[in-house]
Novice: 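Have a look at this one before I ask anything.
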2 protein chains.
Amino acid sequence: MEKQHNLSKNQKIIFDLIDKSPEPLKAYSILFNVQKKGINAPLQVYRALDKLVEIGKIHKIESRNAFIACQNSSCQISKATAFSICESCEKVSEISNTKLSKYLSNFADESGMKYSKYNLEFFGLCKKCKSK
Amino acid sequence: MEKQHNLSKNQKIIFDLIDKSPEPLKAYSILFNVQKKGINAPLQVYRALDKLVEIGKIHKIESRNAFIACQNSSCQISKATAFSICESCEKVSEISNTKLSKYLSNFADESGMKYSKYNLEFFGLCKKCKSK
DNA sequence: TAACACTATGTAATAATATAACATTTACAA
DNA sequence: TTGTAAATGTTATATTATTACATAGTGTTA
């Protein structure tokens with residue numbers, strides 16, 4: 001059984017917004033969207049985002065500085081993430097492919113480093129954009 | 001034979017700085033370092049960085065907003081990059097592992113997307129930091 | 001329940017990262 | 001030599017993220 005994280009008020013407001021969004025959201029776009037709910041300052045947003053990332057409810061798309069809800073119930077708490085990103089329409093999806101995650105989680109090279117975490121971003125054209 | 005890219009003056013100044021650095025450099029730290037050479041504005045730095053990334057002479061470490069010189073002569077012009085990052089000392093190395101790059105370059109999932117590019121960042125503790 | 005530690009919140013200011021808009025110059029191929 | 005693409009220079013501004021400080025809520029345990 002996974003640890004239950006009871007989200008606080010701000011965390012819940014921000015998670016719900018991200019979770020409903022069909023696309024990754026940026027911090028300041030989140031801020032504008034939640035100002036009517038009493039969240040007024042960037043720091044309030046960033047603090048909630050940090051926490052949500054930490055507990056694995058959302059992920060940061062590093063190449064886009066944007067956040068999406070975790071789509072992967074078996075996600076190892078943000079320790080192993082992979083995304084596909086369409087460079088034309090900017091659609092982002094989380095990839096959950098057991099082979100891929102096994103391969104990467106077990107990856108080791110000659111450096112002697114033991115990797116505890118990874119983030120992978122694939123880029124290309126999605127089906128729709130390819131056929132245009 | 002690979003295409004020869006003759007770097008312009010600013011590109012060369014900035015590439016040389018990054019290439020000599022043992023660690024990834026951030027754009028504004030680059031700016032401060034090259035001001036004595038007549039590069040005065042952020043945009044001049046970002047333009048050179050963009051070009052250098054485009055032609056594969058440097059890579060951006062997305063999770064750190066920093067840039068390192070390409071260590072991998074066989075690197076497919078920035079289309080396929082992998083890095084190891086120590087979360088303690090922040091040492092970053094480019095991983096050049098044929099198996100890994102083949103595996104990822106050929107990766108395909110059910111989405112129907114054909115990936116033309118990827119970026120992978122591994123995190124952990126390097127040998128030194130592990131033994132502390 | 002009082003004391004404590006921990007997490008979360010609120011607010012203002014500012015730091016760090018990146019781009020827009022516009023004018024000019026250089027490199028080089030047709 | 002003229003046309004075009006690439007590069008440069010400069011100012012201003014947009015976007016992303018953190019520091020510093022004060023306060024309030026939550027849950028544990030003595």
Side-chain angles (χ1 to χ4, degrees), chain A residues 3-18 21 23-68 77 85 87 90 92 119 121, chain B residues 3-18 21 23-68 77 85 87 90 92 119 121:
Chain A
K3 186 176 173 193
Q4 173 69 31
H5 287 282
N6 294 307
L7 301 184
S8 73
K9 180 176 141 281
N10 289 1
Q11 288 160 16
K12 188 156 178 15
I13 291 170
I14 287 171
F15 174 71
D16 285 345
L17 183 67
I18 296 172
S21 171
E23 63 200 358
L25 294 179
K26 301 186 149 233
Y28 276 73
S29 119
I30 292 170
L31 176 58
F32 298 141
N33 267 285
V34 297
Q35 279 180 326
K36 43 183 173 275
K37 303 216 170 162
I39 296 177
N40 303 301
L43 190 49
Q44 293 175 288
V45 173
Y46 280 104
R47 280 197 287 223
L49 290 173
D50 285 351
K51 187 69 186 183
L52 291 167
V53 166
E54 186 193 325
I55 64 178
K57 300 281 286 180
I58 64 172
H59 304 303
K60 182 173 188 182
I61 309 300
E62 292 287 355
S63 67
R64 299 296 186 262
N65 298 317
F67 300 84
I68 64 168
I77 314 264
I85 302 172
E87 290 185 296
E90 291 293 322
V92 174
N119 179 55
E121 298 181 5
Chain B
K3 186 177 171 190
Q4 173 69 30
H5 287 283
N6 294 307
L7 300 184
S8 72
K9 179 176 142 279
N10 289 0
Q11 288 160 15
K12 188 156 177 15
I13 290 170
I14 287 172
F15 174 71
D16 286 344
L17 183 68
I18 296 172
S21 170
E23 62 200 359
L25 294 178
K26 300 185 150 236
Y28 275 73
S29 120
I30 292 170
L31 176 58
F32 298 142
N33 268 285
V34 297
Q35 279 180 326
K36 42 183 172 278
K37 303 216 171 164
I39 296 176
N40 303 301
L43 191 50
Q44 293 175 287
V45 172
Y46 281 104
R47 281 196 285 223
L49 290 173
D50 285 351
K51 187 68 185 185
L52 291 167
V53 166
E54 186 193 325
I55 64 179
K57 300 281 286 179
I58 65 172
H59 303 303
K60 182 172 188 181
I61 310 300
E62 292 287 355
S63 66
R64 298 299 186 261
N65 298 318
F67 300 84
I68 64 168
I77 315 259
I85 302 172
E87 289 185 297
E90 290 293 322
V92 174
N119 179 55
E121 298 182 4

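Residue numbering restarts at 1 for every chain, and letters A, B, ... go by the order of the sequence lines. Worth saying up front: this structure is predicted, and the values here are computed from it rather than measured.
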Novice: Could you tell me the separation between the CG atom of A:L25 and the C1' atom of D:dT15, rounded to a whole number of Å?
Specialist: 16 Å
Novice: Of all the choices, C:dT9, D:dT8, C:dA12, which nucleotide is nearest to the side chain of A:L43 once you look at every atom?
Specialist: C:dA12
Novice: Quick one: does any side-chain atom of B:K26 pair with a main-chain N or O of B:R64 as donor and acceptor, under 3.5 Å?
Specialist: yes
Novice: Give a yes/no answer on whether the side chain of B:K9 brings an N or O atom under 4.0 Å of OP1 or OP2 in C:dT25.
Specialist: no
Novice: What's the CG-C1' distance between A:L31 and D:dA14, to the nearest Å?
Specialist: 15 Å
Novice: Under 4.0 Å between a side-chain N or O of B:K51 and OP1 or OP2 of D:dA7?
Specialist: yes
Novice: Is any side-chain N or O of A:Y28 under 3.5 Å from a base N or O of D:dA17, one able to act as donor and the other as acceptor?
Specialist: yes
Novice: Kindly say if A:N65 contacts the phosphate of C:dT17, meaning a side-chain N or O under 4.0 Å from OP1 or OP2.
Specialist: no
Novice: I need the CZ-P distance between A:F32 and D:dT15, as an integer number of Å.
Specialist: 8 Å
Novice: What's the CG-P distance between B:D50 and C:dA20, to the nearest Å?
Specialist: 11 Å
Novice: Has B:Q44 got a side-chain N or O lying under 4.0 Å from the OP1 or OP2 atom of D:dG9?
Specialist: yes
Novice: Rounding to a whole Å, what distance do you find between A:I30:CD1 and D:dT15:P?
Specialist: 15 Å
Novice: Rounded to the nearest Å, what distance is computed from the CD1 atom of residue B:I14 to the P atom of nucleotide D:dA7?
Specialist: 13 Å
Novice: Heavy atoms from C-beta onward define the side chain here; which of C:dA8, D:dA17, C:dT11 lies closest to that of A:P42?
Specialist: D:dA17
Novice: Between A:I14 and A:L7, is there a side-chain heavy-atom distance shorter than 4.5 Å?
Specialist: no
Novice: Considering just the side-chain nitrogens and oxygens of A:N40, establish if one lies under 4.0 Å of OP1 or OP2 belonging to C:dG10.
Specialist: no
Novice: How far does NZ of B:K60 sit from CG of B:D50, to the nearest 0.5 angstrom?
Specialist: 8.5 Å
Novice: Which nucleotide sits closest to the side chain of B:R47: C:dT17, C:dT9, D:dT8?
Specialist: D:dT8
Novice: Roughly how far, to the nearest 0.5 Å, is CD of B:Q44 from CG of B:L31?
Specialist: 8.5 Å
Novice: Without decimals, in angstroms, what is the distance between A:I55 CD1 and C:dA8 P?
Specialist: 9 Å
Novice: When you check the phosphate oxygens OP1 and OP2 of D:dT16, does a side-chain N or O of A:K26 lie under 4.0 Å from one of them?
Specialist: yes
Novice: I want to verify a distance call: between C:dA21, C:dT9, C:dT17, whose nearest atom is closest to the A:S8 side chain?
Specialist: C:dT9
Novice: Mind calculating the distance between CD (A:E54) and C1' (C:dC6) to the nearest angstrom?
Specialist: 13 Å
Novice: Taking the side chain as everything from C-beta on, heavy atoms only, tell me whether B:I30 gets closer than 4.5 Å to B:I39.
Specialist: no
Novice: Using a cut-off of 4.0 Å on non-hydrogen atoms, how would the nucleic acid contact of A:K60 be classed: base, sugar-phosphate, or nothing?
Specialist: sugar-phosphate
